[in-house]
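Below is one structure, written out as structure tokens; the observations come after it.
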Protein chains: 2
Amino acid sequence: MTAEHLTERLESFVERCTDAGLSATHQRRVIYRVLAESEDHPSPEMVYERVRREIPSISQATVYNNIHKFVEVGLLEEVSKLHQTSRLDANMEPHHHLVCVDCKKVVDYYDAALDKARSRHREPHGFEIRRYHVEMHGLCPDCRTAEAN
Amino acid sequence: MTAEHLTERLESFVERCTDAGLSATHQRRVIYRVLAESEDHPSPEMVYERVRREIPSISQATVYNNIHKFVEVGLLEEVSKLHQTSRLDANMEPHHHLVCVDCKKVVDYYDAALDKARSRHREPHGFEIRRYHVEMHGLCPDCRTAEAN
DNA sequence: ATAAATGCAAAGGATTTGCCGTCAA
DNA sequence: TTGACGGCAAATCCTTTGCATTTAT
């Protein structure tokens, strides 16, 4: 994140809130700035701690509620759409997953080209890669049909 | 999952337990069979419900504890290594993530070839893809160093 | 003015832990 | 026989909700 990008994001925040029908409260500005300044993909708890340095009276509920609002209006994304409950897989062969963002269905996905792509990435950023896992997030056929109504 | 693969997995289960120093208790056999028979990437709660049909007296703790053991010894995988607490990202540009399986650090990863790969997958299994996200799981440099001790 | 947002506290769901009795090897 | 395991219940962690008060527009 370059400084100019950060400034850009912060400046467009108020406008983006207005477009989304959200008032740009002091708490929201600080929560968003903390997130935009963070490089470490913080948890809600970490966001709460950082915001609390500036607004000691803020409550966890406000942080959680606004994170949800921000995700809804596209200001924010969750790294994994599958937190909250673990999802298990006894299939240990290399394969990938299609995840429905709506009903959280998980479908196995096999693709030789994806597996081949893995070899291009050896030790990215010094990581010793153990599992190369493509997660495609989208709407499953059932939820697409449901949404058409 | 073909029937023969399932049989294979079930038959090797006892052996794999022994190798890992785990006794193959009745509960563990049923928990593992339920998982190996499941195509839907069940949550611990769903595993508990299914096992309970056969062992009504089993406790949730046993299910949770054994799921952990199975993951440790490589009989099982979690679809996402990042559940339990949400991890947030204010960077809405398409990008990918390196996740440390040890310390849960998340690092952004940009790669043009990966983005190009996306176009090969249109509507896999009928999914309307909204986000094409590669999650590479491995050991970050810090944890590699720590593990060397 | 007024609909929305905040703070607080309690509730809820998911997961972990400690302890004691039981069972697999 | 005995160390590992299972069951139970309490504890903990993460997140959501209800409600009274305050605030942004």
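All values below come from the heavy atoms of this structure, side chains included, with hydrogens, waters and symmetry mates left out. Order of the sequence lines fixes the chain letters, A, B, ..., with proteins taken first and strands second; residue numbering starts at 1 for each chain.
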Under 4.0 angstrom between [X] side-chain N/O and [N] OP1 or OP2:
X	N	result
T62(B)	dG7(D)	yes
T85(A)	dG13(C)	no
S23(B)	dC23(C)	no
Q27(A)	dG7(C)	yes
H68(B)	dT16(C)	yes
S57(B)	dG6(D)	no
Y64(B)	dT16(C)	no

**Prompt:** Are Y48(B) and V71(B) connected, step by step, through hydrophobic side chains (Ile, Leu, Val, Met, Phe, Trp, Tyr) whose heavy atoms are closer than 4.5 Å?
**Reply:** yes
**Prompt:** Within the structure shown, what part of the strands sits under 4.0 Å from S43(B) by heavy-atom distance: base, sugar-phosphate, or nothing?
**Reply:** nothing
**Asked** Under 4.0 angstrom, heavy atoms only, what part of the nucleic acid is N65(B) near: base, sugar-phosphate, or nothing?
**Response** base
**Message:** Below 30° counts as parallel, above 60° as perpendicular, anything between as tilted: where do the rings of H95(A) and H41(B) land?
**Reply:** tilted
**Request:** Can you label the angle between the Y32(A) ring and the F70(A) ring as parallel, tilted or perpendicular, going by 30° and 60°?
**Result:** perpendicular
Using whole Å, what does the distance between atom [atom2] of nucleotide [N] and atom [atom1] of [X] come to?
X	N	atom1	atom2	answer
N66(B)	dC23(C)	CG	C1'	14 Å
Q60(A)	dG12(C)	CD	P	19 Å
I31(A)	dA5(C)	CD1	P	12 Å
F70(B)	dC5(D)	CZ	P	10 Å
I67(A)	dA5(C)	CD1	P	16 Å
R52(B)	dG6(D)	CZ	C1'	16 Å
M46(B)	dT15(C)	CE	C1'	17 Å
R28(A)	dA4(C)	CZ	P	11 Å

**Fill in**
By nearest-heavy-atom nucleotide on DNA chain C, the more 5' of A61(A) and G21(A) is G21(A)
**Message:** If you assign each of E45(B) and R29(B) to its closest nucleotide in DNA chain C, which residue comes earlier from the 5' end?
**Reply:** E45(B)
**Item:** SB check E72(B) K69(B) (cutoff 4.0 Å)
**Value:** no
**Side chain to side chain, Q60(A) and E45(A), heavy atoms closer than 4.5 Å** = yes
**Item:** Closest to the P44(A) side chain, choosing from dA5(C), dG6(D), dT15(D)
**Value:** dT15(D)
